[in-house]
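Below: the structure, in structure tokens.
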Amino acid sequence: MSKPLEGIKIIDFTHVQAGPACTQLLAWFGADVIKVERPGAGDVTRSQLRHVKDADALYFTMLNSNKRSLTLDTKTPQGKEVLTRLIKESDVMVENFGPGALDRMGFTWEYIQSLNPGMILASVKGFSEGHAYEDLKVYENVAQCAGGAASTTGFWDGPPTVSAAALGDSNTGMHLAIGILTALHQKVKTGKGQKVAVSMQDSVLNLCRVKLRDQQRLDALGYLEEYPQYPHGEFSDVVPRGGNAGGGGQPGWVLKCKGWETDPNAYIYFTIQGHAWAPICKALGKPEWIDDPAYNTAEARQDKIFDIFAFIESWLADKTKFEAIDILRKFDIPCAPVLSMKEIANDPSLRKSGTVVEVDHPKLGKYLTVGSPIKFSDVEVEVTASPLLGQHTNEVLADLGYSQEEISAMHDAKAV
Ligand code: CAO
């Protein structure tokens, strides 16, 4: 079966996480993604946090599957010549260098367009063009701080906190992938390429929109009724950190289950969905709360929400998180166990759906990686091993029309 993006050629000039996450997604869906890396070293993540001597690190292999690797020193004349040929033959070029690096290399947007008017140039930067911080280099946590995630994550009596989820990196890569696919679709109509730019700050903020909502409600009202600070605590003029409170209109919290004293993940997330109050009371063995005016509206419950959570914890004390979910699911209560990475790695449902897949790598052996979170009825995503450094250099150069002699000369000149 042919893949949806088959025939789309992508120059993958990306490194670390934000860019590679984007191009990996496009490679899964069938694009020919050629990862361009510096000879000798390659993407810095190949050697970061290695756990097998001399093998590519998981950091690299989990972000670069289904790609081809071309080593190329794009600061040499031969390297520039190869990149020029590649640009003429490709549909998309993706990069996430520090600000200005591509221009300094000699490949400005104007020049790229002159080589190939159909080219889509997709870039990730820390901040958007024209932003006061546009010159800054940015990593994950820097973006989480600048995008509003850190100031609103954590507990009110602790410092701003970053999330383990790659909101700045992989999330930005996903935004970029949407931009690229949109530009490819427009090119079908116009025949023209364009520049697609996504900043990490903007991508984080896009996921923090409910906090911008809350800032405006706080400005208007002086309080936020779904935060733990309400009604007894104090509000300042900025959105506070709300711990594990639900971000929407449904109060929720992380609650202890049997074994929490020794297992750091013996918890569930419990949501008190307004219209599910009656089933919740039935599940907890508290039928008298169903019609009690002190409990039967969200407003009435708000000032005793932590007493209610404490009661639920006492109900959970003799149940494991999985036993608790098996009971609560029968009452249609939105809840889930807090899963450790070990539990996720071994979860049969995630293996069955292809969300966690095992890949065989020539040097690393078998390893687990995350498969496509997007499921199609008519596309099968097969995750293959990431390429070794320069594994496809000769093949790509030959595809570009270089003779064996020319290829050898490039190797001798250390241009590839
Ligand atoms: N051949 C020759 N030179 C190459 C090359 C190649 N194949 N690939 C990269 N280079 C050069 C670049 O041209 C650049 O050279 P100059 O600085 O002399 O112009 C140099 O390598 C360094 O590039 P960089 O600035 O991108 O790398 P860095 O390690 O200093 O910074 C990072 C890394 C991630 C902070 C920066 O790239 C960045 O801010 N990127 C944009 C935001 C982003 O994507 N961050 C997320 C990364 S995931 O956490």
Side-chain angles (χ1 to χ4, degrees), residues 11-24 34-49 57 59-60 62-64 67-87 93-108 111-112 121-129 131 133-147 149 162-177 179-180 196-204 387 389-390 392-393 396-397 410 413-416:
I11 305 170
D12 182 11
F13 228 164
T14 71
H15 63 160
V16 202
Q17 184 173 168
C22 165
T23 48
Q24 176 174 258
I34 300 166
K35 179 147 179 132
V36 180
E37 298 178 85
R38 234 190 302 218
D43 189 327
V44 68
T45 59
R46 283 191 186 267
S47 55
Q48 273 181 352
L49 312 174
Y59 197 7
F60 179 85
M62 293 178 73
L63 285 156
N64 290 285
K67 303 181 184 178
R68 297 199 281 167
S69 168
L70 161 73
T71 47
L72 199 63
D73 185 340
T74 54
K75 286 188 174 160
T76 63
Q78 297 101 318
K80 285 188 201 300
E81 212 274 322
V82 173
L83 184 59
T84 302
R85 270 200 212 186
L86 257 181
I87 289 173
M93 176 151 128
V94 191
E95 64 91 19
N96 68 320
F97 292 127
L102 202 57
D103 291 356
R104 287 195 292 278
M105 216 183 266
F107 290 87
T108 61
Y111 181 52
I112 292 169
L121 173 64
S123 300
V124 167
K125 296 286 166 269
F127 294 88
S128 59
E129 213 177 301
H131 189 287
Y133 290 156
E134 71 173 342
D135 56 319
L136 287 182
K137 289 186 173 179
V138 169
Y139 283 108
E140 173 68 57
N141 292 344
V142 177
Q144 290 199 26
C145 290
V162 295
S163 164
L167 308 177
D169 282 341
S170 279
N171 168 46
T172 304
M174 299 305 102
H175 279 80
L176 192 68
I180 291 169
V196 180
V198 179
S199 89
M200 296 168 74
Q201 181 191 37
D202 294 358
S203 302
V204 171
L389 179 61
H392 306 94
T393 299
V396 172
L397 293 175
M410 282 191 234
K414 300 205 173 348
V416 296

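Remember, it's a predicted structure, so these values are computed and weren't measured experimentally. We're numbering straight along the sequence, starting at 1. Indexing begins at 1, ligand by ligand and atom by atom, following the structure's order.
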Next on the checklist: Polar contacts were defined as any N/O atom of the residue lying under 3.5 Å from an N/O atom of the ligand; does this apply to Pro99 and ligand 1?
Outcome noted: no
Checklist entry - If we only count N/O pairs under 3.5 Å, is Glu37 in contact with ligand 1? => result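 It does not: no N or O of Glu37 is found under 3.5 Å from an N or O of ligand 1.
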Ligand-side contact atoms (ligand 1) for residue partner [X], heavy atom cut-off under 4.0 Å:
X      : answer
Asp73  : 1 (N), 2 (C)
Val16  : 47 (C), 48 (S), 49 (O)
Ala18  : 48 (S)
Val124 : 41 (C), 44 (O)
Gly98  : 24 (P), 25 (O), 26 (O), 36 (C), 37 (O), 38 (C), 39 (O), 40 (N)

Could you see which bit of [X] sits under 4.0 Å from ligand 1, with heavy atoms only: side chain, backbone, both or neither?
X      : answer
Asp169 : side chain
Arg38  : both
Lys137 : both

Could you check whether any side-chain heavy atom of [X] comes within less than 4.5 Å of a side-chain heavy atom of [Y], counting everything from C-beta outward?
X      : Y      : result
Gln48  : Thr45  : yes
Pro20  : Lys67  : yes
Ser69  : Arg46  : yes
Glu37  : Leu389 : yes
Leu121 : Phe107 : no

Just to confirm my output: which protein heavy-atom neighbour is closest to [atom], and how far is it?
atom                    : value
atom 39 (O) of ligand 1 : Val138 N, 3.1 Å
atom 27 (O) of ligand 1 : His15 CE1, 3.7 Å
atom 17 (O) of ligand 1 : Arg104 NH2, 3.3 Å
atom 23 (O) of ligand 1 : Phe97 CD2, 4.2 Å
atom 34 (C) of ligand 1 : Tyr139 CE2, 3.8 Å
atom 40 (N) of ligand 1 : Asn96 O, 2.9 Å
atom 7 (N) of ligand 1  : Leu72 O, 2.9 Å
atom 18 (O) of ligand 1 : Lys75 NZ, 2.8 Å

To check you understand the geometry: which heavy-atom pair defines the closest contact between [X] and [Y], and what is its length?
X      : Y      : value
Val162 : Cys145 : CG1-SG, 4.4 Å
Ala149 : Val204 : CB-CG1, 3.7 Å
Met200 : Thr172 : CA-OG1, 3.5 Å

Item to check | Glu140 side chain to Leu167 backbone, donor-acceptor under 3.5 Å | outcome: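 Yes: the side chain of Glu140 pairs with the backbone of Leu167.
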